[in-house]
2 protein chains.
Amino acid sequence: MAGATIRDVARRAEVSVASVSRALNNLANVHPDTRARVLAAAKELGYVPHAGARSLSLARTHAIGVVLPDLHGEFFSELVRGLDREASARGYHLLLSNIHADHDHATKALRTMHGRVDGLVVMAPYAGSVAIEDLLPPTLPTVMINTPRAHDGVSLRIDNRAGAEAMARHLAALGRKRIVHITGPDGNTDAQERLDGFRAALPKDIDLVVVLGDFTEPSGEAAIARLHDDGVAFDAVFAGNDLMAVGVLRALHQTGRAVPQDVAVCGFDDVPLAGYLSLTTIRVHMTAVGARAAARLIDALEGCDTGAADEWITPELVVRATTVTES
Amino acid sequence: MAGATIRDVARRAEVSVASVSRALNNLANVHPDTRARVLAAAKELGYVPHAGARSLSLARTHAIGVVLPDLHGEFFSELVRGLDREASARGYHLLLSNIHADHDHATKALRTMHGRVDGLVVMAPYAGSVAIEDLLPPTLPTVMINTPRAHDGVSLRIDNRAGAEAMARHLAALGRKRIVHITGPDGNTDAQERLDGFRAALPKDIDLVVVLGDFTEPSGEAAIARLHDDGVAFDAVFAGNDLMAVGVLRALHQTGRAVPQDVAVCGFDDVPLAGYLSLTTIRVHMTAVGARAAARLIDALEGCDTGAADEWITPELVVRATTVTES
DNA sequence: CTGTTAGCGCCTTCAC
DNA sequence: GTGAAGGCGCTAACAG
């Protein structure tokens, strides 16, 4: 018997809808007999509360909206897993909305969140998507992930600078003197911060060559090929992300240079592939970021407002065989 | 001005709520002037329709529930991407619910979907999770992905048998005579079907050794080590999935056997890593599966019921360097 | 302890 | 072309 409503239950249990509601929500002040009759009736009817109606009258949906760009698989799934873990542990659902390039579509998707979710977790790493902030229903509590611009809600930031600095120190400690950095695409905040941090932490006696990449593997490969053709010498490459580092490894292999003896190679992110290739990198624990984002949002929703508006997640240096030889 | 309601708009535009509703939903029979006034008022108030209330009165949420087990990252993200692409293209949101081991939790999560979504996409590859079918609010249209048991809704199945058969033919054509198959965990339907298909399509003059694995990389590695210790000879290994195949490659490397000369190696799934390792495998295009699932569900929801109740997705053989030498 | 009633915000007949 | 009124399913005062 599908679609049974609270009134059906009330009729069958021969009580009022109010009693049914109270019994089903474990409120006090319900006679045990009444409660039993209600429970029985509900079970017999296969009654399932209508969550939509419930939210409407409670003004509470127990759902959080997740707005993500169309990003790389690894990140996406890890982030969502972290969000989901925390959310479901605290009784919340996730309403997903990937934002593609299409502006109108995005606007509509965002507006449609109003009245379906209690708050939003938004990730928008590209400076170009600035508008997103303005599209958000301003009434919804929001946690931003990695969004540079100031806003009124909570913001979780990955400390790209700290990660890049750690890498700079690592390479410096290894005695590398002519280092190439391949950047991410223009306008990408992560890319910019990684470059800034790296440059800032590099001792003055080390040469830094910066070349433009776009976070894809081919761009890493092409960058090295170009340097090779130009006869540029270097003994280390810090790629703006792991994918490009993979391209770098490939290019170096083709030109017959030994890693790490001739050239040390490292990336950023620690995607699963990095482990297989023994790539030295900076680990960004996206599962933790997701869990933290959900936790902060739910805290805010439930009134227990913890911590600072800006929270930084520090990534971790993972040293593997592309920068140091095992011994 | 957040939280403006339709009544606020009506008041400001000096019309009735009915007219506001009509104007905002582009219904006919609204005087241009009225429409303009309504639009202006809505914009001034920053009015955003309350999706929850809208669903309640329309009995239509334009959201689809996605119920997944806690599965491997690659699959998860690809499947969800496919679902999201199709869903958002047709104006639907995704409500996520990962089902963990905890039965009660799962039940509650599923029941909470009633009234929040118009239909469900469910993936439950393990025979052990049989109960899931019974937990589903029976009133919701459902598309099952890879669920063996019959049910009343639509079911999308990955044709594991066909994939395994293709692999059997491939190895046979290469002239391999003593083949090892490493299975997935007991009770896993995919694993069982892959074994069955493989065995069925293998010519009689080929020896088949079946060993138990569990879909993890170490289990693939361990399986080969065991065979090696036992002195079992073989010239090909078909791992039940790519992860185990990676373990196999590692183990063979350690025992000094050449791939593919001494031993041909292949897997199943075509995870991204498989491409990097040049692993011959069977590609299961999960993005397509997700998109198809969403498409079928939405078709059903919107009355244009296409196709058969059971739809099979045929995976594709991808031949790479672990079974054939480049030339 | 229990029932009645009035909304939550929106859409939709049904009259005008 | 427009407004008034009822209802989607549920919860939350308020009386009894």
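Worth knowing before you read on, the calculation uses all heavy atoms, side chains too, and leaves out hydrogens, waters and symmetry mates. We name chains A, B, ... by the order of the sequence lines, and we start the count at 1 in each one.
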request  = Indicate, with a heavy-atom threshold strictly under 4.0 Å, whether B/A59 touches base, sugar-phosphate, or nothing.
outcome  = nothing
query = Once you round it to whole Å, what is the distance between P of D/dT2 and CZ of B/R11?
reply = 19 Å
inquiry  = Nearest 0.5 angstrom please: B/R60 CZ to B/E302 CD, how far?
reply    = 6.0 Å
task = Starting at atom CG of A/N29, determine the distance to atom C1' of D/dA12, rounded to an integer number of angstrom.
result = 14 Å
request  = Any chance you could measure B/M286, atom CE, to B/D269, atom CG, to the nearest 0.5 Å?
outcome  = 8.5 Å
inquiry  = What is the distance, to the nearest angstrom, from the CZ atom on B/R111 to the P atom on D/dC10?
reply    = 12 Å
inquiry  = Please determine whether a side-chain nitrogen or oxygen atom of A/S16 lies at a distance below 4.0 Å from atom OP1 or OP2 of C/dG3.
reply    = yes
request  = Check step by step if salt bridge (charged side-chain N to carboxylate O under 4.0 Å, His left out) holds for B/R81 and B/D84.
outcome  = CA-CA 5 Å; B/R81 181 172 301 119; B/D84 175 75; over 6 Å; no
ask   = Where the side chain of B/N25 is defined as all heavy atoms beyond and including C-beta, which of C/dT2, C/dC11, D/dG9 is the nearest nucleotide?
value = C/dC11
query = Considering only D/dG9, D/dG1, C/dG9, which nucleotide approaches the side chain of A/R7 most closely?
reply = D/dG9
task = Counting heavy atoms from C-beta on, name the nucleotide in D/dG3, D/dC10, C/dG9 closest to the side chain of B/V15.
result = D/dG3
query = Counting N and O atoms only, with roles assigned by atom type, does the side chain of B/S155 sit under 3.5 Å from a partner on the main chain of B/D310, one being a donor and the other an acceptor?
reply = no
inquiry  = Both B/A53 and B/V17 contact DNA chain D. Which one's nearest nucleotide lies toward the 5' end?
reply    = B/V17
key: Distance in angstrom units between A/R54 CZ and C/dC8 C1', rounded   = 14 Å
request  = Could you tell me whether the phosphate oxygens of D/dC10, OP1 or OP2, come under 4.0 Å of any side-chain nitrogen or oxygen in A/S55?
outcome  = no
key: Gap between atoms CZ and C1', on B/R60 and D/dG9 respectively (whole Å)   = 18 Å
query = Between B/L24 (CG) and C/dC11 (P), how many Å, whole number?
reply = 8 Å
message = Checking contacts here: which listed nucleotide (D/dA12, C/dT2, C/dC8) is nearest the side-chain heavy atoms of A/L56?
response = C/dC8
remark   = Looking only at C/dC10, C/dT2, D/dG3, the nucleotide nearest the B/H50 side chain is C/dC10
query = How many Å lie between NE2 on A/H62 and C1' on D/dC10, as a whole number?
reply = 14 Å
query = Please give, in whole Å, the distance from C/dT2 P to A/L27 CG?
reply = 12 Å
key: Closest nucleotide among D/dC10, D/dG3, C/dG3 to the A/R22 side chain   = C/dG3
ask   = OP1, OP2 of D/dG9 versus side-chain N and O of A/S57: anything below 4.0 Å?
value = no
side-chain contact (heavy atoms from CB on, under 4.5 Å) between B/L56 and B/H50, intermediate numbers included = CA-CA 10 Å; B/L56 187 58; B/H50 188 289; over 6 Å; no
message = Can you tell me which nucleotide in C/dT2, D/dT11, D/dA13 comes closest to the side chain of A/A18?
response = D/dA13
query = Base, sugar-phosphate, or nothing for B/T34, non-hydrogen atoms under 4.0 angstrom?
reply = sugar-phosphate
query = Would you call A/R11-A/D8 a salt bridge at under 4.0 Å N-O?
reply = yes
ask   = For the side chain of A/S19, counting heavy atoms from C-beta on, which of C/dT12, D/dG9, C/dT2 is nearest?
value = C/dT2
ask   = Nearest to the side chain of B/H31, which nucleotide is it out of C/dC10, D/dC10, D/dT2?
value = D/dT2
